[in-house]
**Student:** 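After the structure tokens below, expect a handful of questions from me.
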Amino acid sequence: MKLTDVILTTPYLDLSTIFYHEVSPTPLKNPLLVSVNPEVAQLLGLNPAHLNDKELENLLNGTLLLEGSRPYAMCYAGHQFGYYVQRLGDGRAINLGALNGWNLQLKGSGVTRYSRQGDGRAVLRSSIREYLISEAMNALGIPTSRALALISSDEKVARERWERGAIVLRLAPSWIRFGSFEYFFHTNKHKELESLADFCLQESFPQFIGSEDAYLKMFAEIVKRTAELIASWQSVGFNHGVMNTDNMSAIGITIDYGPFAFMDTFESGYICNHTDAQGRYSYDNQPRIGYWNLERLAHALSPLVTHEKLQSELEQYGNYFTNQLMQLLRAKLGLDTTQENDSDLLRALFSVMENGRIDMTPFFRTLSRYEGNRDALLALTLAPNQLNEWLERYDVRLTDNSSSVDERHRQMLRTNPKYVLKNYILQEAIDEAEGGNYTRVNDLLRIAQNPYDEHSDFERYAGVTPPQHTNLKLSCSS
Ligand code: AMP
Ligand code: MG
């Protein structure tokens, strides 16, 4: 299928007008297509070979309207850093419609009713980050929004300095957030709350429609998915940075990438977001905040389901989280059997990593080839004695494995990525792009989508992060 043959649908607009604002994108000056993602084109049923760059550029810039498209921004509220904010909504995102089960959305395409003081824009820096990281997360098996393409422009956008305006075309099976439900609950619009819950069932949980406790089942599923999502973040050292309830997806995927980071050296209290002085959204707070956010969602759903029932589903969160995390971490260690004290072994490892300032990604990758010789691993730590002790325990634990050493290595090399897109790596691509060279963005897209493969030209990115770039904090401005 070609882009101009596409017909979009807009089921969200069947809801009453309080749910959205129909608004046209405001084009950027001199748009330029920076990158196209063939994998996502295929997801949408588009033939990458038939994609016309000019058409795609126009689609992202809002000057090509596909058949059936009726652009709109969605209304939502949210708890930001613990405080309820009634009026958020898509202040700089505009939905185009749905295709093949994916809701297409432009981010940075101008003001909407929900923009408040904002300019409705996104800068090239943050757009490159979102574009690449969503593809990296997906390749790591972590549920996430995706991205089809990215344009830059000559539009000047004011942040701490003047930056280039850009637009990402991103997509998700649903863009409903915890904060979407909160909006209608806190304005006492319980009929609309019910309509939203029905819409969400239709869109994402049709298996529960018609069952007696459909809303409860939906909530239970959101609890499970959120717990498992955050377990997967923890397993790869991902820090989202802004886990406000308006950034929490009702289908348990990662959305709204801002000052996120893949940790460099392991640091349990790491805070990627420069503005988060208290560390509310630090790495080790993420599981707890996931629970807190689900409590806000349960509260918002309380006109539809009794508190007791919601609460009893919420109580499953810890189990879902722990089971998933243990499963993911066992796989990272290549353990194919389960022992009761595996959690001790893992806890000990995380403390060894923290004390030895170990860079997680090269560590697990190196461990994936471990067969007794410890030199390469010991070279990664500042506390070799502790790691040695831990490896003694690991050696013993491995004797309980049923797979051969070769099988374990193969499985671990498919589990422990050689590449994660650390912030300094993204920044190199951003620096080049701001100078008008987009080659590195496209190189990183390939690496992001194939993180377990060797990329011989980019061996440097697989190593330990240079110390001057380690665990920096990022500004929220985007
Ligand atoms: P975020 O933390 O980026 O997810 O954004 C929080 C809220 O602020 C959302 O309602 C966004 O739509 C809105 N917002 C962020 N940046 C802008 C901007 N430049 N213009 C308008 N609204 C914005
Ligand atoms: Mg947001």
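Residue indices begin at 1 and follow the sequence shown. As the structure is a prediction and not an experimental result, all values here were calculated from the model.
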**Student:** Could you list the residues that satisfy side chain to side chain donor-acceptor pair (under 3.5 Å) with Tyr461, not counting sequence neighbours?
**Tutor:**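 Checked Tyr461 against side chain to side chain donor-acceptor pair (under 3.5 Å); matches are Glu428, Arg440.
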**Student:** Using the rule given for side-chain contact (heavy atoms from CB on, under 4.5 Å), can you reason through Leu328 versus Ser232, listing the C-alpha separation, both sets of side-chain angles and the distance that settles it, and then say yes or no?
**Tutor:** CA-CA 7 Å; Leu328 292 170; Ser232 66; 3.9 Å; yes
**Student:** Looking only at side chains, do Asp264 and Thr465 share a donor and an acceptor under 3.5 Å apart?
**Tutor:**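 On atom types as modelled, these side chains qualify, holding a pair under 3.5 Å.
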**Student:** Are Thr144 and Asn138 close enough that a side-chain donor and a side-chain acceptor fall under 3.5 Å?
**Tutor:**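 Per modelled atom types, Thr144 and Asn138 side chains form no pair under 3.5 Å.
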**Student:** Distance under 6.0 Å and angle within 45° of the ring axis: does Lys422 meet both against Phe262?
**Tutor:**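 The answer is no, since Lys422 fails at least one limit relative to Phe262.
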**Student:** For a side-chain contact (heavy atoms from CB on, under 4.5 Å) check, start with the C-alpha distance between Phe364 and Met412, then their side-chain angles and the critical distance, and finish with the verdict.
**Tutor:** CA-CA 8 Å; Phe364 280 108; Met412 287 174 79; 5.9 Å; no
**Student:** Checking Ser35 against Tyr131: is there a side-chain donor and acceptor pair closer than 3.5 Å?
**Tutor:**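 A donor-acceptor contact under 3.5 Å links the two side chains.
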**Student:** What's the shortest heavy-atom distance between Ala376 and Thr366, and which atoms?
**Tutor:**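 Result for this residue pair: CB-CG2, 3.6 Å.
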**Student:** Look at Asp342 together with Arg397 and state whether they make a salt bridge at an N to O cut-off of under 4.0 Å.
**Tutor:**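 Looking at Arg397 together with Asp342, the answer is yes, because their closest N to O distance falls below 4.0 Å.
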**Student:** Cut-off 3.5 Å, side chains only: do Asp284 and Ser282 have a donor facing an acceptor?
**Tutor:**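 Judged by distance alone, the side chains do pair up.
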**Student:** Indicate whether the side chain of His240 and that of Gln286 have a donor and an acceptor atom separated by less than 3.5 Å.
**Tutor:**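 No, no side-chain donor-acceptor pair sits under 3.5 Å.
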**Student:** Against the six-membered ring of Trp292, is Arg288 placed for a cation-pi contact (under 6.0 Å from the centre, within 45° of the normal)?
**Tutor:**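 Arg288 over Trp292 ring: no.
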**Student:** Please indicate whether His274 has more than 12 foreign heavy atoms, meaning atoms of other residues, nucleotides or ligands, lying under 6.0 Å from its NE2.
**Tutor:**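 No - once you tally the heavy atoms of other residues, nucleotides and ligands closer than 6.0 Å, there are 12 at most.
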**Student:** Decide, yes or no, whether a salt bridge links Arg225 with Glu221 under the criterion of side-chain N to carboxylate O below 4.0 Å.
**Tutor:**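 Salt bridge present between Arg225 and Glu221.
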**Student:** Counting the benzene-type ring for Trp, do His186 and Tyr84 have ring centres under 6.0 Å apart?
**Tutor:**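 So the answer is yes for these two rings.
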**Student:** Consider only side-chain N and O atoms of Glu130 and Ser134, and report whether a donor and an acceptor are under 3.5 Å apart.
**Tutor:**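 Ser134 and Glu130 do not have a side-chain donor-acceptor pair below 3.5 Å.
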**Student:** Using the ring pair (Phe, Tyr, Trp, His ring centres under 6.0 Å) rule, collect all pairs that involve residues 299-320, keeping only residues at least two apart or in two chains.
**Tutor:**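 Qualifying pairs: Phe185-His299, Tyr291-Tyr317.
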**Student:** Strictly by modelled atom types, are Trp175 and Ser249 linked by a side-chain donor-acceptor pair under 3.5 Å?
**Tutor:**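 Judged by distance alone, the side chains do not pair up.
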**Student:** Do Asn244 and Tyr83 meet the criterion of a side-chain donor-acceptor pair at a distance under 3.5 Å?
**Tutor:**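 Their side chains do not contain a donor-acceptor pair, so the 3.5 Å distance test is not met.
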**Student:** Step by step, work out the side chain to side chain donor-acceptor pair (under 3.5 Å) result for Thr112 and Asp90.
**Tutor:** CA-CA 7 Å; Thr112 73; Asp90 291 330; over 6 Å; no
**Student:** Apply the test side-chain contact (heavy atoms from CB on, under 4.5 Å) to residues Leu104 and Leu44: give CA-CA distance (whole Å), side-chain angles for both, the deciding distance (0.1 Å), then the verdict.
**Tutor:** CA-CA 10 Å; Leu104 311 189; Leu44 292 173; 3.9 Å; yes
**Student:** How long is the straight-line distance from CG of Asn388 back to OH of Tyr394, given to the nearest 0.5 Å?
**Tutor:**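 That separation rounds to 14.5 Å.
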**Student:** Using the test side chain to side chain contact (heavy atoms under 4.5 Å, CB included), find all partners of Leu346 that sit at least two apart in sequence or belong to another chain.
**Tutor:**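 Residues passing side chain to side chain contact (heavy atoms under 4.5 Å, CB included) with Leu346: Met326, Leu329, Leu333.
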**Student:** Looking only at side chains, do Thr415 and Arg365 share a donor and an acceptor under 3.5 Å apart?
**Tutor:**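 Arg365 and Thr415 do not have a side-chain donor-acceptor pair below 3.5 Å.
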**Student:** Would you mind checking if Asp453 and Arg446 are paired as a salt bridge, meaning a charged N to carboxylate O distance below 4.0 Å?
**Tutor:**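 No.
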**Student:** Test side-chain contact (heavy atoms from CB on, under 4.5 Å) on Met243 and Ile230 and set out the steps.
**Tutor:** CA-CA 11 Å; Met243 289 176 69; Ile230 296 173; 3.7 Å; yes
**Student:** Verify the distance criterion only: is there a donor paired with an acceptor across the side chains of Asn285 and Arg280 at less than 3.5 Å?
**Tutor:**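 Absent: no donor and acceptor within the cut-off.
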**Student:** Side-chain donor-acceptor pair under 3.5 Å between Tyr452 and Asn416, yes or no?
**Tutor:**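 The answer is no; no qualifying pair exists.
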**Student:** Just checking, is any N or O donor in the side chain of Ser402 or Arg408 under 3.5 Å from an acceptor N or O on the other one?
**Tutor:**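 The answer is no; no qualifying pair exists.
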**Student:** Between Tyr281 and Phe81, is the gap from one ring center to the other below 6.0 Å?
**Tutor:**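 Yes, the ring of Tyr281 comes within the 6.0 Å limit of the ring of Phe81, centre to centre.
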**Student:** Verify the distance criterion only: is there a donor paired with an acceptor across the side chains of Thr245 and Glu182 at less than 3.5 Å?
**Tutor:**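 A donor-acceptor contact under 3.5 Å links the two side chains.
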**Student:** Side chains of Lys107 and Ser127: donor-acceptor distance under 3.5 Å anywhere?
**Tutor:**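 Side-chain D/A pair, Lys107 to Ser127: absent.
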**Student:** From the options Phe266, Trp390, Tyr283, Phe363, select the one residue that forms a ring-ring contact (aromatic ring centres under 6.0 Å, His included) with Phe350.
**Tutor:**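 It is Phe266; the other options fail the test.
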**Student:** Under 3.5 Å, is there a donor on one side chain and an acceptor on the other for Thr337 and Asp400?
**Tutor:**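 There is such a pair (donor and acceptor under 3.5 Å, judged by atom type) between the side chains of Thr337 and Asp400.
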**Student:** Quiz question: by atom type and distance under 3.5 Å, do the side chains of Gln411 and Glu407 form a donor-acceptor pair?
**Tutor:**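 Side chains of Gln411 and Glu407: no pair found under 3.5 Å.
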**Student:** Any chance the side chains of Glu228 and Asn323 put a donor and an acceptor closer than 3.5 Å?
**Tutor:**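 No pair is found: no donor N or O on one side chain lies under 3.5 Å from an acceptor on the other.
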**Student:** For residues Tyr257 and Ser126, is any side-chain donor paired with an opposing acceptor at under 3.5 Å?
**Tutor:**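 Tyr257 vs Ser126: no donor-acceptor pair found between side chains.
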**Student:** Step through the shown structure and confirm whether more than 12 heavy atoms of other residues, nucleotides or ligands are within 6.0 Å of CD on Gln202.
**Tutor:**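 Counting other residues, nucleotides and ligands, CD of Gln202 stays at 12 neighbours or fewer.
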